[in-house]
Amino acid sequence: MAAAGFCFILATVTSTSLLASVPVSAFVEDLDDSFKENRKDDIWLVDFYAPWCGHCKKLEPVWNDVGIEIRSSGSPIRVGKMDATVHSSIASEFGVRGFPTIKVLKGDMAYNYRGPRTKEDIVEFANRVAGPVIRPLPSQQMFDHVQKRHPVLFVYVGVDSTLKEKFIEVASELIVYTYFFSASEDVLPKYVTLNEVPAVLVFKDSTYFVYDEYEDGDLSSWVNKERFEGYLHIDGFTLYELGDTGKLVAVAVIDEKNNSIEHTRLKSVAQDVAKNYRDHVHRDFQFGHMDGNDYINSLLMDELSIPTFVVLNTSNQQYFLPSKQIENTEEMIQFINSILDGTAEAQGGDGILQRIKRVFYDAKSTVVSVFKSSPLLGCFLFGLPLGVISIMCYGICTADTEDGSEEMTRKDVIDQNGSDEGSDEEEEKSREITDMSDEDQQEKDFMEKKID
């Protein structure tokens, strides 16, 4: 027995060493223009990248690990990468508009990956999309095994029908987000009761919910809204994904490291409303909590103190804040009702003023982040241009002053010459007047003498 265990360990170490010694190109293929014609016979996981893209460079070692993981697991998926700047026509054909773009290409279908760029998440996505659109659950043991692995489970129950055709169509579209299964009624857990078959169910939050076409509307829309658990730990990526559901996102913003009653109470109240008031809130709201207020502050362009409760409308960038700190379930329900009946004041939005505010806020945030991360770099990036601009302004102002001084000097010279000429003329006129006065005086004296 010990010898067998030793042999197994030795084999594992040997296989790992062999994988490490194989060049990466054996697991990740560089694709060119011939890929367009040759791809349809296989399932491909492709990274469309640009050589200058920083995110692409960061993804490269992860992508190599993805290639090794998929090959070593025996999966039929082939992993490749394509320089979209060189093969731009093929990249455009697949709808590549940003870098990096990750896609699973399966026949005529192309599935976009929008999840976290980790090896585990990318491999799980590839295996889910590459497999059957609807996976059968033949036994209760298999059902229990799958339910333990997946927090949200969509199951079709029944034989062939128009509802099953619709279910397959929806699954083909939304398999990028979750798994879809089919089962017979006797495979379901004992606590499940169905009024009619066929039916579509979602298992989550330790219970199940049945799709009702009259109450829930379109099946695709219902699946898209129900693909999340009732209460989530929300981060930036999750919030982006929740935007596709059309729901308002109710977030308790807390500090998870802070065990004070204010933080723990707000989280507990949000969980209580999400679970015990589901029938009242689940069609319009997705509940969860967010650790820290940095992301939410950048999103709202505001400074929220924590703990606080905020409801986000991701479709138009509006948000709602309670007038006071929420301390119990009743106050949270009152706040939710005020949003539903339109009496709560909406803030933010996507109007012109908000867009202008966003430009200035992003610019300010960029400057602050640069100075925080590297003060010397910040001084160089922003101090140098400001110094050049200051020198240019000083030069322009100095040139204007010198021109003005020269002009004033010339004017003074002209005025001085003019005043000199004027003085000569006045002196000459004064002499003439004096001469005329002397002649008049002599004539006057002569006339007086003659009279005498």
Side-chain angles (χ1 to χ4, degrees), residues 106 109 111 124-125 127-232 238 241-249 271-288 340:
K106 181 182 177 183
M109 299 296 293
Y111 298 94
E124 195 274 340
F125 166 79
N127 289 330
R128 181 174 71 244
V129 174
V133 174
I134 307 295
R135 289 169 165 82
L137 298 174
S139 65
Q140 291 183 355
Q141 291 80 6
M142 180 63 72
F143 187 97
D144 293 338
H145 171 73
V146 169
Q147 191 174 19
K148 290 177 181 178
R149 290 187 59 192
H150 305 292
V152 179
L153 201 68
F154 290 95
V155 182
Y156 172 82
V157 181
V159 296
D160 293 344
S161 65
T162 55
L163 180 61
K164 185 174 183 179
E165 293 177 0
K166 183 64 177 177
F167 186 72
I168 294 173
E169 180 183 337
V170 172
S172 300
E173 175 190 355
L174 299 180
I175 196 172
V176 293
Y177 300 121
T178 188
Y179 286 90
F180 295 85
F181 298 89
S182 64
S184 59
E185 193 170 359
D186 58 345
V187 170
L188 301 179
K190 300 300 183 183
Y191 61 82
V192 176
T193 56
L194 296 176
N195 295 327
E196 60 179 1
V197 174
V200 176
L201 297 80
V202 57
F203 291 85
K204 66 176 185 177
D205 302 330
S206 302
T207 185
Y208 72 98
F209 306 96
V210 182
Y211 166 68
D212 187 327
E213 183 178 2
Y214 297 101
E215 291 187 4
D216 300 315
D218 181 64
L219 179 60
S220 177
S221 176
W222 179 77
V223 170
N224 197 36
K225 288 183 177 181
E226 296 290 348
R227 61 188 174 91
F228 294 98
E229 296 175 84
Y231 186 89
L232 300 170
T238 309
E241 287 286 285
L242 290 172
D244 293 336
T245 65
K247 292 183 178 183
L248 300 177
V249 184
Q271 289 174 323
D272 180 51
V273 172
K275 181 179 180 180
N276 298 322
Y277 293 83
R278 171 187 159 82
D279 292 339
H280 179 61
V281 301
H282 88 279
R283 295 183 189 277
D284 301 294
F285 295 89
Q286 172 66 54
F287 282 80
L340 290 174

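FYI, the numbering just counts along the sequence from 1.
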Quick check for you: to the nearest 0.5 Å, what is the distance between [X] atom [atom1] and [Y] atom [atom2]?
X	Y	atom1	atom2	answer
Ser220	Leu174	OG	CG	5.0 Å
Asn224	Lys247	CG	NZ	9.5 Å
Leu137	Gln147	CG	CD	10.0 Å
Tyr231	Lys275	OH	NZ	13.5 Å

Less than 4.5 Å apart, side chain to side chain, heavy atoms only: is that true for [X] and [Y]?
X	Y	answer
Phe287	Gln271	no
Leu340	His280	yes
Leu188	Phe203	yes
Phe209	Arg278	yes
Val176	Phe125	yes
Phe285	Val249	no
Leu242	Leu232	yes

Closest contact, heavy atoms only, [X] versus [Y]:
X	Y	result
Lys204	Glu226	NZ-OE1, 2.7 Å
Val197	Gly158	CG1-CA, 3.6 Å
Val129	Lys106	O-NZ, 3.1 Å
Ile134	Ala171	CD1-CB, 3.6 Å
Val146	Leu153	CG1-CD1, 3.4 Å
Ala199	Val210	CB-CG1, 4.4 Å

### With sequence neighbours excluded, residues passing side chain to side chain contact (heavy atoms under 4.5 Å, CB included) with Asn276
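Residues passing side chain to side chain contact (heavy atoms under 4.5 Å, CB included) with Asn276: Asp272.
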
### Task
Under the side chain to side chain contact (heavy atoms under 4.5 Å, CB included) rule, collect the residues that match up with Lys166, sequence neighbours excluded.
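Expected list: Glu169, Val170, Asp218, Leu219.
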
Under 3.5 Å, side chain of [X] to main-chain N/O of [Y], donor-acceptor pair present?
X	Y	value
Tyr191	Thr207	no
Glu185	Leu194	no
Arg135	Pro132	yes
Gln140	Asp186	yes
Tyr211	Gly217	yes

### Task
Kindly say whether the aromatic ring centers of Phe180 and Phe154 come within a distance under 6.0 Å.
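Phe180 vs Phe154: aromatic centres under 6.0 Å.
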
### Query
Which pairs with one or both residues in residues 150-162 pass side-chain hydrogen bond (donor to acceptor under 3.5 Å, both in side chains), sequence neighbours excluded?
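Passing the test, one end in residues 150-162: Tyr156-Ser161, Asp160-Lys164.
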
### Query
Less than 4.0 Å between a side-chain N and a carboxylate O, is that true for Asp216 and Arg283?
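Here Arg283 pairs with Asp216 in a salt bridge, since their nearest N and O are under 4.0 Å apart.
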
### SB check Arg227 Glu241 (cutoff 4.0 Å)
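Looking at Arg227 and Glu241, the cut-off is met.
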
### Task
Give the intermediate values and the outcome of side chain to side chain contact (heavy atoms under 4.5 Å, CB included) for residues Ile175 and Tyr111.
CA-CA 9 Å; Ile175 196 172; Tyr111 298 94; 3.8 Å; yes

### Task
I would like to know whether Tyr208 and Val155 meet side chain to side chain contact (heavy atoms under 4.5 Å, CB included); could you show each step before the answer?
CA-CA 10 Å; Tyr208 72 98; Val155 182; over 6 Å; no

### Message
Can you confirm whether Glu124 is buried at CD, in the sense that more than 12 heavy atoms of other residues, nucleotides or ligands lie under 6.0 Å from that atom?
### Response
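Yes, the 6.0 Å shell around CD holds more than 12 heavy atoms from other groups.
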
